[in-house]
Structure formats: structure tokens, C-alpha cells
Amino acid sequence: MAKLGVNIDHIATLREVRKTRYPDPVEAAKIIENLGASSIVCHLREDRRHIQDNDIFHIKKVLNIPLNLEMAAREEIRTIALNVRPDTVTLVPERRQELTTEGGLNVIHDQTHLRKFIKPLREVGIHVSMFIEPDLDQIQASQDIGADVIEIHTGTYAQSLTRVDQERELDKIVQAAEYTYSCGLFIAAGHGLHYENTSVLKQKCPLIEEYNIGHAIIARAVFLGLERAVKDMKEIVR
Ligand code: PXP
């Protein structure tokens, strides 16, 4: 049974767009926990466009399920992570102008920095996940620097427009999952996943142990409510 991590960034997006006090991501996290999600995922971006520092502290305080904090490999955010102590930190690339995370980390290129960066996190017992393209060399480099988890970036798969492209991307993900499994690392996947493409991915790649999904779930919740949105996705990944 694969796990479902629900990313609640876009609850905070809705709040920040008007600078109101609602909708509250802390409340959303508790509702989603009660609906049976396996973890809550939040991305504390350098530009604080959605989730804010206080949100992370409060969410960690009230949650009984694991918190997965996505962040860029920057010292300022690491200091916050070391104070909050999420169960997992997922390192992602970040560019200010992007609409959302584009592409995976280049662990091969940034090996020296990343190795040093993750050490204090792992020393206090935080699991470290690398958000990378389905690329075997990137997986190997992640294992070499001491990562615990590989989150396979599914964005290219999600955006593929033709059947042929989709199949090619699925094959890459399957190979990446098999390689990650052989390395003994935990296998997560996420980005751009919605109700249809998750269903296809799940059938093709049973090795994936955790799906981290946000936008599609929050979008469905607008029409059907969080309960239906989370339950429908839970059924697909399980
Ligand atoms: N996983 C990671 C590492 C991400 O950066 C994101 C987006 O913040 C997601 C999963 C969720 O992506 P989406 O909102 O497209 O489902």
C-alpha cells in the first residue's frame, strides 16, 4: 500500500493572495490528517509566496502524522528546519520567477555543497529526501551524499502530451524506481500528478512507496470538498 502525502501550499496561496487570515493551512493539515493522509507536505519558499514560517511551526505542533518540509538548500531555511524538526526535509531547486518547482536538483553538480548541507539535518534525525529527475546517475549521487529518500520528479511525465512521450517518461520513472529500490532508499514521487495520471503511474510503477500531491487535490476540493478530494486520491495510490 503506497502512502499519500498531501501538499497544502495552495491553501496558503489562497490566503496570501488577499493577505487574509483564512483559509488556514494549519486547520487544513488537521482536516487532511483526519481524512487518513500519511503525511503533510509544505514548501517554505525563500520568497514566502504561500506557506509562512509561523505556519510550519504550528503545523508541526498540532500534527500527529509526519511533516515533510520542502525547501531549497539555503542556510536560512535550514535554520528554520532545525528548529521545527520536520520528519523529512525534501531538497528542491528554487528559482524566484518560476510558477512552481521546475525540474529536479542537480545532485551530481552540487554534491560537495549538498553533502555538507544535509549533515546537520541528518544528525538530528531528520530524513533527507532529494527531489530529482528520474536519472540513475542523480540517484547514485544522492545515495553517495547520504540521502535517505529519492523523490522522483514526475513533472515531465505529467506534462507529456502524446502517448509516446508519456510511455517514454513512464519507462524512465520505472527504471529510476527500480534503481532506487536496489540502492535501498525510500521511493517517493511527485509533481504535476492528478487523478488520471496518478492512476496510470500507480499501475506501471508499483515500487513507488509514497506520492506527494498538492495542486490537483486542492483544485478538486474547490468543487467537491477536501474530504472527497483526499479520499479519491487515497484510493488511487493505495
Ligand atoms: N513534490 C515536490 C518536491 C514539490 O516541490 C511539489 C510542489 O511543491 C509537489 C511534490 C507537489 O506538486 P503538485 O502541487 O504539482 O502536486
Side-chain angles (χ1 to χ4, degrees), residues 3 5 7 9 38-48 51 53 56-57 59-60 66-98 100-157 172-191 205 207-212 214:
K3 296 175 171 177
N7 179 310
D9 292 348
S38 306
S39 58
I40 296 294
V41 188
C42 303
H43 185 172
L44 186 64
R45 293 186 72 103
E46 272 194 300
D47 62 12
R48 307 296 198 275
I51 293 290
D53 303 32
I56 299 289
F57 281 96
I59 289 167
K60 175 64 186 159
L67 171 65
N68 179 349
L69 177 64
E70 296 175 358
M71 56 180 266
R74 305 266 155 71
E75 215 173 306
E76 178 220 349
I77 312 281
R78 184 179 63 185
T79 303
I80 296 167
L82 286 169
N83 283 325
V84 173
R85 301 282 174 102
D87 302 80
T88 302
V89 154
T90 299
L91 294 183
V92 304
E94 211 175 282
R95 268 174 290 158
R96 284 197 176 239
Q97 300 310 320
E98 67 191 0
T100 180
T101 315
E102 290 167 359
L105 273 181
N106 191 341
V107 184
I108 299 169
H109 184 266
D110 297 332
Q111 228 171 108
T112 313
H113 167 60
L114 290 172
R115 189 191 298 273
K116 276 198 212 128
F117 188 86
I118 68 176
K119 204 164 165 260
L121 295 166
R122 296 193 75 236
E123 276 170 2
V124 297
I126 298 172
H127 295 113
V128 175
S129 173
M130 295 287 158
F131 185 50
I132 54 177
E133 297 294 326
D135 177 290
L136 307 195
D137 294 332
Q138 294 289 354
I139 296 166
Q140 187 57 59
S142 302
Q143 187 187 34
D144 292 345
I145 65 163
D148 305 283
V149 180
I150 299 295
E151 180 166 339
I152 302 171
H153 185 289
T154 51
T156 312
Y157 158 66
K172 285 188 203 166
I173 295 171
V174 169
Q175 277 182 38
E178 283 169 357
Y179 193 69
T180 305
Y181 182 79
S182 74
C183 292
L185 301 177
F186 187 85
I187 312 164
H191 208 271
C205 194
L207 279 177
I208 295 171
E209 295 168 89
E210 180 177 76
Y211 290 82
N212 292 319

Residue set satisfying salt bridge (charged side-chain N to carboxylate O under 4.0 Å, His left out) with Asp144, at least two apart, ordered chain then number -> none

Sequence neighbours excluded, the answer for salt bridge (charged side-chain N to carboxylate O under 4.0 Å, His left out) partners of Lys172 is Glu169

Check: So, do Ile152 and Ile187 sit near enough that their side-chain heavy atoms are less than 4.5 Å apart?
Finding: yes

By side chain to side chain contact (heavy atoms under 4.5 Å, CB included), Asp110 pairs with (sequence neighbours left out) Leu114

For Phe117, the ring-ring contact (aromatic ring centres under 6.0 Å, His included) test, sequence neighbours excluded, returns His113

Sorted by chain and residue number, the side chain to side chain donor-acceptor pair (under 3.5 Å) partners of Arg74 (sequence neighbours excluded) come out as Glu46

Rounding to 0.5 Å, atoms OG (Ser142) and CD (Gln111) come to a distance of 8.5 Å

Donor-acceptor pairs are to be reported for all side-chain atoms of residues 127-135 against protein atoms at under 3.5 Å, with residues two or more places apart or in another chain.
| from | atom 1 | to | atom 2 | distance (Å) |
| --- | --- | --- | --- | --- |
| His127 | ND1 | Asp87 | O | 3.4 |
| Glu133 | OE2 | Gly104 | N | 2.8 |
| Asp135 | OD1 | Asp137 | N | 2.9 |
| Asp135 | OD1 | Gln138 | N | 3.0 |

Sorted by chain and number, sequence neighbours left out, salt bridge (charged side-chain N to carboxylate O under 4.0 Å, His left out) with Asp148 holds for Arg122

Any side-chain heavy-atom pair of Pro66 and Thr88 under 4.5 Å = no

Original post:
Can you find a side-chain donor-acceptor pair between His43 and Glu94 that sits under 3.5 Å?
Top reply: yes

A quick test of your reading: do over 12 heavy atoms of other residues, nucleotides or ligands sit less than 6.0 Å from NZ of Lys3? no

Checklist line | Flag side-chain contact, heavy atom, 4.5 Å: Leu91 against Ile118 | finding: yes

By side chain to side chain donor-acceptor pair (under 3.5 Å), Glu178 pairs with (sequence neighbours left out) none

Contacts of Glu209 meeting side chain to side chain donor-acceptor pair (under 3.5 Å) (sequence neighbours excluded), chain-then-number -> none

The side chain to side chain donor-acceptor pair (under 3.5 Å) partners of Thr90 (sequence neighbours excluded) come to Asn68

Here the pair of heavy atoms bringing Ile208 nearest to Ala188 is CG2-C, 4.4 Å

(Q) I'd like to know whether Asp9 forms a salt bridge (charged side-chain N to carboxylate O under 4.0 Å, His left out) with Arg45, so could you lay out the CA-CA distance, the side-chain angles of the two residues, the decisive distance to 0.1 Å, and finally the verdict. (A) CA-CA 10 Å; Asp9 292 348; Arg45 293 186 72 103; over 6 Å; no

Is the closest side-chain heavy-atom distance between Val84 and Lys60 below 4.5 Å? yes

Closest non-hydrogen atoms of Ile108 and Ala141, given as atom of the first, atom of the second and distance, are CG1-CB, 3.8 Å

Answer whether the closest heavy-atom distance between the side chains of Thr154 and Tyr211 falls below 4.5 Å. no

Would you check if Tyr179 and Gln140 make a side-chain contact, meaning some heavy-atom pair closer than 4.5 Å?
yes

Here the pair of heavy atoms bringing Ile56 nearest to Cys42 is CD1-CB, 3.8 Å

Sorted by chain and residue number, the side chain to side chain contact (heavy atoms under 4.5 Å, CB included) partners of Leu82 (sequence neighbours excluded) come out as Arg78, Pro120, Leu121, Val124

Distance col, row Thr156:OG1 vs His153:NE2, nearest 0.5 angstrom, shows 6.0 Å

Would you say that more than 12 heavy atoms from the other residues, nucleotides or ligands in this model lie under 6.0 Å from the CZ of Phe186, or not? yes

On a heavy-atom basis, the closest approach of Ala81 and Ile126 is O-CD1, 4.0 Å

The salt bridge (charged side-chain N to carboxylate O under 4.0 Å, His left out) partners of Glu75 (sequence neighbours excluded) come to none

Output for pair (Glu151 CD, Leu105 CG), nearest 0.5 Å, gives 10.5 Å

_Within the structure provided, determine whether Thr180 and Leu185 are in side-chain contact (heavy-atom separation under 4.5 Å)._
yes

Note: Ser39 and Glu210 closest approach over all heavy atoms is OG-OE2, 3.8 Å

